[in-house]
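To start, the structure itself, in structure tokens.
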Amino acid sequence: MSTGHLLLGLLAHRPQHGYELKRAHDSRLPTAKPLPFGQVYATLGRLERDGLIEPAGSDRDGGPDRVSYRMTDAGRQALREWLDAVETPAAFLGGTMFTKIVVALVAADRQTAMRCLANQRAAHMVRMRELTQLKQRAASIAETAAADYSIAHLDADLRWMQQTMDRLDTLDQEMNS
Amino acid sequence: MRPATLLRLAFAGSLTDRVRAGLTVIAAALAGLAILATGAVLNMAPTERWVQRPGGQPYLEQNDWRYTTTFLNSTGLRPGLIVMATVCILPALFLIAQAARLGGPARDRRLATMRLAGATPQQSRAIAAAEQGIAVGLGALLAMAAFPLLRLALHRPTMEGVRAGGWEGDGVLFTPYSGPLLPLPTDTAPAWWSWPLVALGLPVAAALLSSLALRRVFAAPTATVRRARRARPRLWPLWLMIIGLADLALCRAWIDRLVRSDGTSADTTPPYVLMGVGVTLLCVGVPMCAAAIGWLGAKAALRWGRSASTLIAARRVLADPYSGSRAVLALLVCAVLVAGLLGYRINFDWTNEVGGKFGFRHGDKQLNDLVLGILDAMAVIFVCFAAVGLLIALVDAAMTRRRIEAALLATGTSQMVLVKARLTAIMLTAVPGVLLGLSLGYLIPTLALPPVQDSAVVITTCHGFDDAGEVPCTPQGLAQQERADRGDGTSPAYGHVQRDPLGPWHNVYPPIPWDRLAMLAVIALAAVAAATVLSLMIGGRTGADTALRTT
Amino acid sequence: MSLLQAKGISKRYGLTDALVQVDLTLGAGEVLAVTGPSGSGKSTLLMCLSGITRPDAGEVWFAGARLDDRSEASRSVLRRTEIGALLQHGQLVPELTAAENVALPLLLGGARKAGALAAAAEWLGLFGVAPHADKRPGELSGGQQQKVALARAMVTQPRLLFADEPTGSLDSLAGEAVLAAMMAAARELNTAILLITHDATVAGYCDRELHLRDGRVLAGVAQ
């Protein structure tokens, strides 16, 4: 569902049409794969069906019809809920978390992004404690090593969150420039 | 804390701490000996007595000549002797203070670590005080044991001579008796109070001082002691010197104007009082401005120096100008002292040389030579103590810097650069310091002593032998007389030659003895260089591998 | 009742706020991690809590009594009897042997040497460094040094242990061993621990976490 939330976030400030949304996505998430047009329109269709966005008008200067969309109140509500939700602490969360931070910075503000990171960090730490206890109770070295693997990946995510908190200001400037 | 614990903790140190303890014992022993010697001098039996002549006033008269030198025999010179003995205590005390600095950072860290383990401020103070107090106490005991032995060893009545005499009744010398004469006052025991002063006063004072000196450490019980010394030292002592010198020069000019050309003068008390103020300013300023001098020297070196060693040295001094100044301070004081003595002697000789032209003699040359000789000897003692203090400070600095130097070595700085840097760092303070010290030391007596006056016109009258009255002077005759006065065997041409100065008077100054001042500077700086090299050999030499591992 | 409590403590160094209105509670036997990047105020917080420095504002309470306005001597005694400390490194007296280092707090408290050394030997044995009792800290590995330091911190059986990056200079396995030993000893004696670290895996050993950023507590809600 994260592409949907991403597009929703990009629509937070002003109505945009599909092509603009694709360009905004590709420039803000340079490491992600470029978003195919097909997926943009399919996702917009789904968001419109769920009542999260609505057409805001169309312009037709020379080219084909270009419908621009704006966010509805329901859409705003859905975005907020998504931003406040904590992802299940598991390995390889980086991509999702990054998307979330970018959306938070674009659609809301620094404080929201910081809250996201803080909540996620707290959740990760809960999991870290569980795993550490598991490790201390481990009956075999194999169990210890398995716990270590999860702990190390959790730690990598936590480090990434830490660094992102540290550079949130500059990231914000870059995203909203 | 039990006494046994206190002892164990007080002597928990490393090699450096043992070296410090050893040096402290030696310095304390020297201080103890100096105090006992002063006590003995104070106890010297009077060498004069009141004599009541019939019908006259009672008067004081010397009746005893127990020693081989006038200096010891003369009661009038006794206060001077006491002052000198007392002054000799100072360098020993200075050495104790200097020794206490050795390995300071490591000791401070150890005490701070103990604080972390829950030692109260009083306890760590007690540990530091015990360390210092016991070492000094040991030295004091050593001194008290050594003094009687020294007294016995030095008690060598070598010469037989007239020991006592006096005037009897109406001025007839009664028969003197002969006896052994002593080169040193070994016949007197120290005053009773000098024993407890050494036994108790010295260690207690040392313990108190060391706990006072460490108060900064006690305030910070964190494991790492940060010493945030101000990087820029106080520069105002330099102003003290400038003002002091200007004051001296102005007062000199003032006095010169008060002196009239007929040799009389108006009241010169006010300028001399002002001059005393200037001398005081200089005496206070010199020891205080060592750090500022080093700082300025380092600034200059940083600006004009090119090599890496100069850069390291200059930055080192800028970062902590006080550590270098501590090392050089004693040397600076010695430079002032030695140059001051030189200036005084030059002035004295000059007075006699100029005055000799018309038969003026200034002071008792023999006694003056004796006093100056003793002062010179004291200066030598001071210089020796200063050299030892310098060595201690340098070894200490080298040990403190081991790790940093090891890191530099490990990253490819050559040993030679580090040696040069160390030498440069100390020279940045030492060179300007010694030059300044020598100039000031020479200038103070030169400016402060009354100037020598010469008369433009001198009337020479020659007298014949056997009250033959005035005879005409001839150039040949005067030359012959001069040779005879020099004592080269020529027979004199006249009974005596009288030279009367007629005026007008003018001031004449002795030529500045550049050669002797330069030699003093070279000797002082060579001593610094030698001490630096010696400190490298004693324990400052670092290898990249060893020092990086030490914890 | 809480063992250690900080109420709104603030501390400024010049123009920078090292701590801003930090609240903290630590119950008996509880293990709290204080985390945060360097410069976030962790060490300042520790200094305020352990009475090494005084906060500009706020109060520190230990076992029902104000700590921050006690005299230095009384705080020293507290450090020796009820509060232990374990730092990253450099806390052992380099000139004393391991056993003497551990016995030091007892000796400073006036204990007899034999008794103090016996207690020290016991603790060194508990942490597996008994064979090194007569070595000096310089002859021990980093992990062994930290175990000796831990023994010294625990020898007085304190009610509270401050640990400031205790594994900061150790590799991960040595760090793990020190942490496990510390936790086991603390649970055994019901000693509360305030553990300062920037390492999340170390904070994982604790019951709770207090995350500092720029001198403020960063509250996170884990759902």
Side-chain angles (χ1 to χ4, degrees), chain A residues 81-91 93 97 100-101 110-138 141 144-145 147-169, chain C residues 20 22 29-42 163 165-168 170-188 193 195-223:
Chain A
E81 278 169 15
W82 180 68
L83 284 177
D84 285 344
V86 168
E87 303 292 324
T88 315
L93 247 180
M97 271 314 292
K100 201 174 226 180
I101 299 308
R110 246 174 264 189
Q111 282 71 36
T112 312
M114 186 57 101
R115 203 174 59 237
C116 270
L117 284 165
N119 290 342
Q120 193 61 47
R121 188 195 148 82
H124 265 64
M125 283 309 299
V126 170
R127 181 79 189 124
M128 178 72 94
R129 282 194 281 275
E130 288 168 7
L131 285 168
T132 307
Q133 277 185 8
L134 207 66
K135 176 174 149 183
Q136 282 179 294
R137 281 198 305 268
I141 300 298
T144 309
D148 271 343
Y149 180 82
S150 306
I151 287 175
H153 280 89
L154 221 52
D155 188 38
D157 272 5
L158 280 161
R159 273 176 210 224
W160 176 82
M161 286 174 215
Q162 182 79 64
Q163 285 164 353
T164 311
M165 285 183 193
D166 291 345
R167 50 170 67 118
L168 206 55
D169 288 359
Chain C
V20 184
V22 173
E30 199 183 5
V31 181
L32 174 72
V34 175
T35 57
S38 6
S40 58
K42 297 183 305 247
E165 301 278 10
T167 59
L170 304 180
D171 65 63
S172 65
L173 283 186
E176 232 168 59
V178 169
L179 278 174
M182 179 169 85
M183 295 301 164
R187 305 270 185 231
E188 179 82 22
I193 299 180
L195 175 69
I196 288 194
T197 181
H198 70 279
D199 187 342
T201 59
V202 173
Y205 282 83
C206 305
D207 303 331
R208 279 194 298 130
E209 186 203 19
L210 185 88
H211 189 68
L212 287 178
R213 279 198 77 81
D214 303 328
R216 291 175 170 81
V217 177
L218 185 78
V221 191
Q223 290 169 352

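We name chains A, B, ... by the order of the sequence lines, and we start the count at 1 in each one. Keep in mind that what you see is a predicted model, and the values were worked out from it rather than measured.
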Checklist line | Residues in side-chain contact (heavy atoms from CB on, under 4.5 Å) contact with C:S172, at least two apart in sequence or another chain | finding: none
Item checked: Side chain, backbone, both or neither of C:H211 within contact of chain A (heavy atoms, under 4.5 Å) -> side chain
Check: Would you find more than 12 non-hydrogen atoms of other residues, nucleotides or ligands less than 6.0 Å from A:R110 atom CZ?
Finding: yes
Checklist line | Heavy-atom proximity to chain C below 4.5 Å, by part of A:M114 | finding: side chain
Note to self: Can you tell me which portion of C:D199 sits under 4.5 Å from chain A's heavy atoms? Options are side chain, backbone, both or neither.
What the structure shows: side chain
Next item on the list: Quick one: closest heavy-atom pair of A:L158 and C:A200, and the distance?
Entry: CD1-CB, 3.5 Å
Margin query: Are C:E176 and A:D148 packed together at the side-chain level, in the sense that at least one heavy-atom pair is separated by less than 4.5 angstrom?
Written below: yes
Notebook entry, point to check: What is the distance from atom CE of A:M165 to atom OG of C:S40, rounded to the nearest 0.5 Å?
Noted result: 11.5 Å
Checklist line | C:R216 atom CZ: more than 12 heavy-atom contacts under 6.0 Å | finding: no
Note to self: Would C:T35 and A:R121 count as a side chain to side chain contact (heavy atoms under 4.5 Å, CB included) here? Give the steps.
What the structure shows: CA-CA 11 Å; C:T35 57; A:R121 188 195 148 82; 3.3 Å; yes
Next item on the list: Can you spot which of A:Q136, A:M128, A:Q133 makes a side-chain contact (heavy atoms from CB on, under 4.5 Å) with C:Y205?
Entry: A:Q136
Next item on the list: For A:D166 and C:R213, work out which heavy atoms get closest and say how close.
Entry: OD1-NH2, 2.6 Å
Next item on the list: Apply side-chain contact (heavy atoms from CB on, under 4.5 Å) to C:D171 and list each qualifying residue two or more places apart in sequence or on a separate chain.
Entry: C:L173, C:A174
Notebook entry, point to check: Quick one: of C:A203, C:G204, C:A180, who has the most non-hydrogen atom pairs under 4.5 Å with chain A?
Noted result: C:G204
Checklist line | Residue part contacting chain A, namely of C:R208, when any heavy atom lies under 4.5 Å | finding: backbone
